[in-house]
Amino acid sequence: MRTQRIAGWGFFAVLLFCGPLPAADEAPSSKPDATIDLATVEDVKLVKAQWRYSDVKIVEVEAPGPDGKPTKTHDIEPHAQTADFDDSKWPVIEPTTLGQTRAAAKLSFAW
């Protein structure tokens, strides 16, 4: 499944560049060269980033069941997991508004 491979490679890349993780009770021995807060307008501009938002719909689909026969189950739309997903039509939101509630529901999921 493509999504799993991408997620796996991303995890591998993090471990490759970060090196070994410290023990839970071990504090880092040095400070990072730089930090960035993507919840601030200044830092988002610094890296030419942009926050976008979309509600996710839970949809009924057919998929193979445990016996291999089609069965009804649920999925989400859109599938925005891959790096090549086009989110250009999603509204841009300001980083200072990330903490705001955007959905009024008992169950919600958003990208």
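Along the sequence shown, the residues carry numbers beginning at 1.
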By side chain to side chain donor-acceptor pair (under 3.5 Å), which residues pair with T101, not counting sequence neighbours?
none
To which residues is V41 joined in a hydrophobic cluster, defined by side-chain heavy-atom contacts under 4.5 Å among Ile, Leu, Val, Met, Phe, Trp and Tyr, whether direct or through other members?
none
Side chain to side chain contact (heavy atoms under 4.5 Å, CB included) involving Q100 - partner list, sequence neighbours excluded:
T97, R102
With sequence neighbours left out, the residues meeting ring-ring contact (aromatic ring centres under 6.0 Å, His included) with F85 are W90
Which residue pairs satisfy the side-chain hydrogen bond (donor to acceptor under 3.5 Å, both in side chains) criterion with at least one member in residues 31-47, sequence neighbours excluded?
none
Measuring only between side-chain heavy atoms, which start at C-beta, is D75 closer than 4.5 Å to T73?
no
Hydrophobic cluster of V92, others only, ordered by chain and residue number, side-chain cut-off 4.5 Å:
none
By side chain to side chain donor-acceptor pair (under 3.5 Å) - contacts of D67 (at least two apart)
none
Side chain to side chain donor-acceptor pair (under 3.5 Å) filter on D87, not counting sequence neighbours, yields none
Gap separating the CZ atom of R52 from the CD atom of Q50, nearest 0.5 angstrom
4.5 Å
Contacts of L98 that satisfy side chain to side chain contact (heavy atoms under 4.5 Å, CB included) - sequence neighbours left out
A39, W51, I93
Applying side-chain hydrogen bond (donor to acceptor under 3.5 Å, both in side chains) as the test, list every pair that has at least one member in residues 54-63; sequence neighbours left out.
Y53-D55
With sequence neighbours left out, what residues match E94 under side chain to side chain donor-acceptor pair (under 3.5 Å)?
none
In short, H74 meets V61 closest at the heavy-atom pair C-CG2, 4.2 Å
Please name all residues satisfying side chain to side chain contact (heavy atoms under 4.5 Å, CB included) with V47, sequence neighbours left out, ordered by chain then number.
I36, L38, A49
